[in-house]
Amino acid sequence: MKTRQKKSADASESKSKVKKRAGENSGPTLSKKLRERKDGETSKQGPHLKSAGAHKRGGYGSILHYIYKSTLGQSLHSKMRQCLQEPFVRSLSSYHFHGATSPFDRRITCLEWHPTHPTTLAVGSKGGDIYLQDFKVPTKKTFLQGMGVGDSVTDMKFNKLNPSQLFTSSMGGLHVCFCAQSGAGDFIGGMKFCPTDLSKVYVASGEGTLTMQSFEGRTPTVLSRSQDCGHDHHNVCYWYCCVDVSVSRQMLVTGDNVGQLVLLGLDGQKIFSDKLHKAKVTHAEFNPRCDWLLATASVDHTVKLWDLRNIKDKKSFLHEMPHERAVNSAYFNPLDCSKLLTTDQYDQIRIYSSSDWSKPQHIIQHPHRQFQHLTPIKATWHPFYDLIVVGRYPDDRVCPGDQRTIDIFDSNTAELVCQLQDPTASGIKSINKFNPMGDVIGSGMGVTVLVWDQNESLISDRHKAQEETSTSVDSLRGQRRRRQQRSSRDRRGPVVDAKLKKKLASLEESESKTKTQTGCTKQKQVQMRKK
DNA sequence: AGTGTATGCTCCC
DNA sequence: TGGGAGCCCTACAC
């Protein structure tokens with residue numbers, strides 16, 4: 001089979017090959033079923049989709065036409081946007097791996113871009129830690145230590161009073177207290193920036209709390225805490241797995257590991273709580289445009305839509321979307337909030353549209369199966385184009401010969417339009433999100449945060465990258481030492497990919513070498529650079 | 001290079 | 001509806 005060939009192509013896979021593979025995937029592997037569905041939809045969707053197709057030929061030319069029409073007072077934003085999507089997709093082929101940080105000793109479980117600062121992102125880890133960084137300014141970083149503390153050790157809160165201090169000096173110092181309490185999971189299940197105060201985040205934690213934490217050193221506020229179970233080896237049997245905020249509703253949603261959904265006021269006051277799912281609630285999200293509409297995803301193989309004005313019990317859902325497997329996420333598209341993107345735990349990415357919630361508009365076959373020791377893979381939207389990003393976990397049963405790429409699909413056609421890959425970042429990228437500007441992708445790969453964009457940063461910013469990496473490795477060492485003391489089973493070290501380290505080291509040695517690095521990156525850099 | 005370890009999910013009783 | 005055996009098969013430290 002062609003498998004072999006593809007595997008050997010790995011590092012130096014040429015751009016044409018990438019493109020070809022994109023074609024392959026959207027073609028034969030996606031099966032006739034899909035294409036038939038696509039055709040059906042086109043007619044259903046009418047002019048909207050057709051125009052997207054028509055502009056493929058028009059390309060840039062038609063943009064001027066729409067700008068002109070727009071100046072005449074016609075509202076044509078969506079068409080203009082579609083025109084711009086095509087050049088954007090083309091520009092994606094020149095995206096490459098920009099830099100990496102490994103701030104944690106446990107794998108990354110969630111990633112959130114800062115809503116207004118396009119180069120700042122926050123990541124949460126399996127160990128309960130949160131790290132805020134500006135990838136352009138490596139010195140701008142804040143580390144929030146995972147609580148891992150029970151009620152009795154309230155003193156530990158001082159840790160958070162000065163996060164920057166904590167990051168540099170407290171790593172080796174505060175170890176003792178953590179051991180006893182740190183249960184198996186104080187992991188960050190979900191995280192959301194507080195829309196009214198971007199220095200804060202709402203955090204759902206595996207230790208059973210929903211908190212509001214501050215990057216400016218204020219004491220975290222516990223908004224909700226699950227019951228202490230009093231068992232020997234852990235503190236809680238129930239913990240929150242996700243969060244979302246609605247400013248207009250003045251409400252938070254969270255769901256727990258057994259299917260309970262909780263609605264809270266912003267002050268933590270409980271508004272509603274009931275077991276709405278039969279198993280873990282993996283995701284809960286308010287529709288930003290229609291604030292009474294709530295989507296929940298669950299390990300019970302369903303995604304459900306709820307009307308918050310009329311939510312009573314598990315039977316009061318508006319719509320149920322059964323899936324073949326457990327579901328990791330259900331995201332409304334940020335642009336008009338009329339679509340829902342779901343990712344299951346095996347090989348389906350679905351796109352539902354508000355015009356008919358009863359069946360998906362598209363089912364994209366895509367390997368991303370569940371594995372116990374991997375952060376669940378979730379497909380996410382581009383902030384304003386009809387595109388989605390998702391990490392691939394190759395599976396020969398689904399699609400033989402795959403690489404561990406980051407895939408970008410057109411959500412209207414279900415076509416794979418681009419794949420990102422770099423030999424120095426060889427792991428599975430479970431989490432991938434575009435920043436709010438839509439021009440950078442942040443990824444979580446094991447313990448490492450990766451950033452992908454068009455800048456030649458491993459070259460021009462290599463010192464920064466180097467500094468960033470070594471800084472985090474150092475801090476991680478301190479952290480690791482501390483953790484080793486606190487628990488022998490909770491040891492894990494933060495390390496960037498060995499190849500990446502080597503690469504950074506060699507960059508340090510010789511400046512002149514810069515343009516000849518790694519196949520994939522280089523080949524992508526050859527591509528034109530817009531902007 | 002080889003081993004150990006890490007709070008997922010499913011299925012069956 | 002709860003508990004536990006069995007299985008999914010990565011990424012890290014030592």
Side-chain angles (χ1 to χ4, degrees), chain A residues 100 102-109 125-128 146 148 181-189 204-208 226 229 231-241 256-260 275 277-283 297-302 314 323-329 343-347 367-378 391-398 403-404 424-431 443-450 472-473 476-501:
Chain A
S102 297
F104 305 128
D105 63 345
R106 301 288 303 273
R107 55 177 223 253
I108 290 161
T109 53
S125 84
K126 190 76 181 164
Q181 341 273 339
S182 176
D186 26 352
F187 63 90
I188 309 299
S205 158
E207 60 163 9
S226 67
C229 63
H231 291 149
D232 286 348
H233 301 293
H234 57 249
N235 297 329
V236 289
C237 282
Y238 308 114
W239 54 85
Y240 298 121
C241 305
D256 76 8
N257 59 319
V258 294
Q260 176 130 323
K275 194 175 168 188
H277 280 280
K278 289 180 189 148
K280 182 200 269 186
V281 179
T282 50
H283 188 91
S298 169
V299 165
D300 71 8
H301 294 34
T302 66
K314 62 184 176 188
H323 284 60
E324 287 172 21
R325 305 285 180 133
V327 190
N328 286 334
S329 58
T343 309
D344 78 351
Q345 293 196 348
Y346 189 63
D347 72 343
H368 50 253
R369 87 202 100 124
Q370 161 69 20
F371 174 53
Q372 187 176 1
H373 303 300
L374 258 191
T375 297
I377 293 174
K378 300 173 177 186
R392 182 174 293 246
Y393 179 6
D395 185 344
D396 283 349
R397 291 166 296 186
V398 177
Q403 304 284 321
R404 294 171 168 184
T424 57
S426 59
I428 294 160
K429 294 89 186 165
S430 296
I431 304 181
S443 306
M445 176 188 81
V447 299
T448 305
V449 189
L450 306 173
S472 63
V473 168
L476 280 168
R477 274 186 197 125
Q479 194 179 15
R480 185 173 68 228
R481 246 176 273 130
R482 176 174 53 71
R483 296 223 177 199
Q484 272 168 347
Q485 288 172 12
R486 73 192 246 214
S487 164
S488 62
R489 70 198 235 274
D490 191 25
R491 71 196 130 82
R492 201 98 316 184
V495 175
V496 287
D497 197 74
K499 282 188 208 159
L500 172 62
K501 271 209 244 166

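Fair warning: this is a prediction, and the values are worked out from it, not measured in the lab. For the numbers below, each heavy atom of this structure counts, side chains included, while hydrogens, waters and symmetry mates do not. Chain identifiers are assigned alphabetically (A, B, ...) following the order of the sequence lines, protein sequences preceding nucleic acid strands; residue numbering begins at 1 within each chain.
To the nearest angstrom, C1' of dG2(C) lies 14 Å from CG of N257(A). In this structure, the CG atom of D300(A) is 16 Å from the C1' atom of dC11(B), given to the nearest Å. Protein atom NE2 of H277(A) is 16 Å distant from nucleotide atom P of dT1(C), rounded to whole Å. Taking atom CD of E324(A) as the reference point, atom C1' of dT10(B) lies 16 Å away to the nearest angstrom. Distance CD1 (I108(A)) to C1' (dA6(B)): 16 Å, rounded to an integer number of Å. Taking atom OH of residue Y238(A) and atom C1' of nucleotide dT1(C), one finds them 11 Å apart after rounding to whole Å. Between the CZ atom of F104(A) and the C1' atom of dA13(C) there is a distance of 19 Å, given to the nearest Å. Taking atom CZ of residue R107(A) and atom P of nucleotide dT5(B), one finds them 17 Å apart after rounding to whole Å.
Closest non-hydrogen pair, V299(A) versus T282(A), comes out as CG2-CG2, 3.7 Å.
At least one side-chain nitrogen or oxygen of R404(A) sits closer than 4.0 Å to the OP1 or OP2 atom of dA11(C).
By the side-chain contact (heavy atoms from CB on, under 4.5 Å) test, D347(A) is found to be paired with D344(A), Q365(A), V398(A), residues two or more places apart in sequence or in another chain being considered. By the ring-ring contact (aromatic ring centres under 6.0 Å, His included) test, F371(A) is found to be paired with H373(A), residues two or more places apart in sequence or in another chain being considered. Shown here are the side-chain contact (heavy atoms from CB on, under 4.5 Å) partners of K378(A), two or more places apart in sequence or in another chain: N328(A), S329(A), Y331(A). In this view, D300(A) and H277(A), K278(A), A279(A), S298(A), T302(A) satisfy the side-chain contact (heavy atoms from CB on, under 4.5 Å) rule, not counting sequence neighbours. When the side-chain contact (heavy atoms from CB on, under 4.5 Å) test is applied to I377(A), the partners found at least two apart in sequence or on another chain are H368(A), V390(A), Y393(A), I428(A), S430(A).
No contact: H231(A) has no heavy atom under 4.0 Å from any strand.
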Tabulated below should be each protein N or O lying under 3.5 Å from an N or O of nucleotides 7-9 of chain C; please produce it.
{"residue": "dC8(C)", "atom": "O2", "partner": "Q372(A)", "partner atom": "N", "Å": "3.1"}
{"residue": "dC8(C)", "atom": "N3", "partner": "Q372(A)", "partner atom": "OE1", "Å": "3.0"}
{"residue": "dC8(C)", "atom": "N4", "partner": "Q372(A)", "partner atom": "OE1", "Å": "2.7"}
{"residue": "dC9(C)", "atom": "OP1", "partner": "R369(A)", "partner atom": "NH1", "Å": "2.2"}
{"residue": "dC9(C)", "atom": "OP1", "partner": "R397(A)", "partner atom": "NH2", "Å": "3.2"}

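With hydrogens and angles left out, the side-chain atoms of T375(A) and R107(A) include a donor and acceptor closer than 3.5 Å.
dC9(C) and dA1(B) have their P atoms separated by 24 Å, with the value rounded to a whole Å. For the C1' atoms, the distance from dT7(B) to dG3(C) is 15 Å, rounded to whole Å.
Comparing dT7(B), dC9(B), dC12(C) against the side chain of V447(A) picks out dC12(C) as the nearest.
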